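Protein chains get the first letters and strands the later ones, always in sequence-line order, with residue 1 at the start of each. Remember, predicted model here, so these are calculated numbers, not experimental data. Atom set for the values below is all heavy atoms of this structure, side chains included, hydrogens, waters and symmetry mates excluded.
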Number of protein chains: 2
Amino acid sequence: MAKTAVKNKVRRKDRILDTAEALFARMGFVGVSMRMVAEGAQVDLALASYHFGNKRGLFDAVLARRSDIINEKRLEALRDCISSAGAAGPELEAIVDAFIQPLLGVGLEKDAGWRHYMELIALVNSSHELGGQAMTQFFDPLVNEFIQALKKALPGAAEEDIYWSHHFFSGALTLTLAQTGRLDNLSSGKVKSNDLEAAYRRMVPFVTAGFKALCKPEKG
Amino acid sequence: MAKTAVKNKVRRKDRILDTAEALFARMGFVGVSMRMVAEGAQVDLALASYHFGNKRGLFDAVLARRSDIINEKRLEALRDCISSAGAAGPELEAIVDAFIQPLLGVGLEKDAGWRHYMELIALVNSSHELGGQAMTQFFDPLVNEFIQALKKALPGAAEEDIYWSHHFFSGALTLTLAQTGRLDNLSSGKVKSNDLEAAYRRMVPFVTAGFKALCKPEKG
DNA sequence: CAAAAAATTCAACGATCATTGAAAAATTGA
DNA sequence: TCAATTTTTCAATGATCGTTGAATTTTTTG
């Protein structure tokens, strides 16, 4: 019975991570207690501390669990669009697409885990205290790769304009990932903020046009 | 001594609001304790509960205090750009400008209060639990006015495209208001995320181009 | 000035929090 | 199977939480 035993071992740890992921995404770090996690995962209160050291360790473990996977997907998408482009480099639109398609893609999976993770990323990205370390650690390396690609696709543009454009892009993406449902209210139900397919289809042209309008070649 | 007495009375209440505003903006609703507020405002612990009922009442009071002021400014900016335009209505760019200029304008004041308030709005806007009620109550009426103006400036565009465009716009604006400093890290200090003037100058053309690219007249 | 009202302080309530050491159970390795 | 290791449970710790009723002070009102 070694196999099922191992299974059960892992199940508890993963159940804690799944529960914590969903709770942290909805209520933030301080809004979630270890007791909520334990109850949701149906394990003893002390078990999460045993496995992850403390509450912050649990939070970091939740972030880390999927960051490698999604970052690899996004990096692969970027490399694909670079390698399939000519010597002049990929088009701006292809870069923008590679940046968001993997993210919104995993959100369409049946498993709610990735959706919770996206909401969590959105929450962390617009947080002062959590965002500083976590985003830098888990996502900045990837973002820098994209910035490099953007610089090539926007020759002659001022560096500041590219960074600001990316910032606006990041904000639009973040609010979409958050899926707060406010868009539903505002549109009286005509638009569903959890329709990631619709969001993806529209964000690419919107952002691409924004980049092109702002990041024009400098005069000189 | 009635005058200074009244002054002191108001001072305590406002000191509580100022302190709570700064703390809530940085650490969120659950991240702030009544004791932190009391200590920061240098008042007794029980005083905030006396004035505002409970913690949630204090939070709502913080939100409400400046919402009327800023909403009036933004509405006035919208009406100005409408009245100064011809019969065809204002240009898209003027509407976008009216939407954000008052917000980023107050952020430039010497008093840090408005800056904290902006950060708080950003936090609330990307929060599930707080956002639902608070944003609807304090900001949705204004947003609907802008949506109406946008519809006129984008004749023939699909309603869904306008709502999604506004959503991306709102995300870009929100992350900028948050001033998390992540942009500073990413650009190695070349761009300052608290440079609201620079943000404003770039957000208008970026967002305007996004709207124009996405909200084209429907075929039919 | 005296009474009424509002503002402020004080002390304490029960509840919940994260963490931990030790005991117990389950799993692994030989 | 038996010892070693890991996992899980149990019980309790001290700290902090929001709220409140009563007492006290300050301000307003007549």
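- Nucleic acid contact class of B/V32 (heavy atoms, under 4.0 Å, all strands): sugar-phosphate only.
- Rounding to whole angstrom units, CG of residue B/L58 and C1' of D/dC17 are separated by 15 Å.
- Side-chain N/O atoms of A/H51 include one lying less than 4.0 angstrom from OP1 or OP2 on D/dT8.
- Judged by distance alone with a 3.5 Å cut-off, no donor-acceptor contact links the side chain of B/R12 to the base of C/dA7.
- Less than 6.0 angstrom separates the ring centroid of A/F169 from the ring centroid of A/F99.
- Note on A/S33: every side-chain N or O is 4.0 Å or more away from OP1 and OP2 of C/dT16.
- Distance, A/L45 CG to D/dA11 P: 13 Å, rounded to whole Å.
- With the nearest nucleotide of DNA chain D identified for both B/R35 and A/L47, A/L47 has the one nearer the 5' end.
- Taking 4.0 angstrom as the limit, B/S49 places none of its side-chain polar atoms (N or O) nearer than this to OP1 or OP2 of D/dG18.
- For A/M34, the listed nucleotide lying nearest its side chain is C/dT19; candidates were D/dC10, C/dT19, D/dT20.
- Comparing A/M36 and A/D44 along DNA chain C, the residue whose closest nucleotide (by nearest heavy atom) sits nearer the 5' end is A/M36.
- A/K55 has its NZ atom 14 Å from the P atom of C/dT20, to the nearest Å.
- Nearest approach of A/L130 to A/S127, heavy atoms of both residues: N-OG, 3.1 Å.
- What separates CZ of B/F52 from P of C/dT8 is a distance of 11 Å, to the nearest Å.
- No contact: A/V37 has no heavy atom under 4.0 Å from any strand.
- Look at B/E145 and B/R79 and you find a salt bridge, because one of the NZ, NE, NH1 or NH2 atoms lies within 4.0 Å of a carboxylate O, short of that distance.
- No option in B/T208, B/D97, B/L173, B/V96 other than B/L173 meets the side-chain contact (heavy atoms from CB on, under 4.5 Å) test with B/M203.
- For the pair B/Y50 and A/Y50, nearest-nucleotide mapping onto DNA chain D gives the more 5' position to A/Y50.
- Rounded to an integer number of Å, the gap from A/E39 CD to C/dC17 P is 10 Å.
- Protein atom CZ of B/R15 is 13 Å distant from nucleotide atom C1' of C/dA7, rounded to whole Å.
- A/K13 has its NZ atom 20 Å from the P atom of C/dA26, to the nearest Å.
- Between the CG atom of B/N54 and the C1' atom of D/dG18 there is a distance of 9 Å, given to the nearest Å.
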For a salt bridge (charged side-chain N to carboxylate O under 4.0 Å, His left out) check, start with the C-alpha distance between B/R65 and B/D18, then their side-chain angles and the critical distance, and finish with the verdict.
CA-CA 10 Å; B/R65 180 168 61 148; B/D18 290 338; 2.9 Å; yes
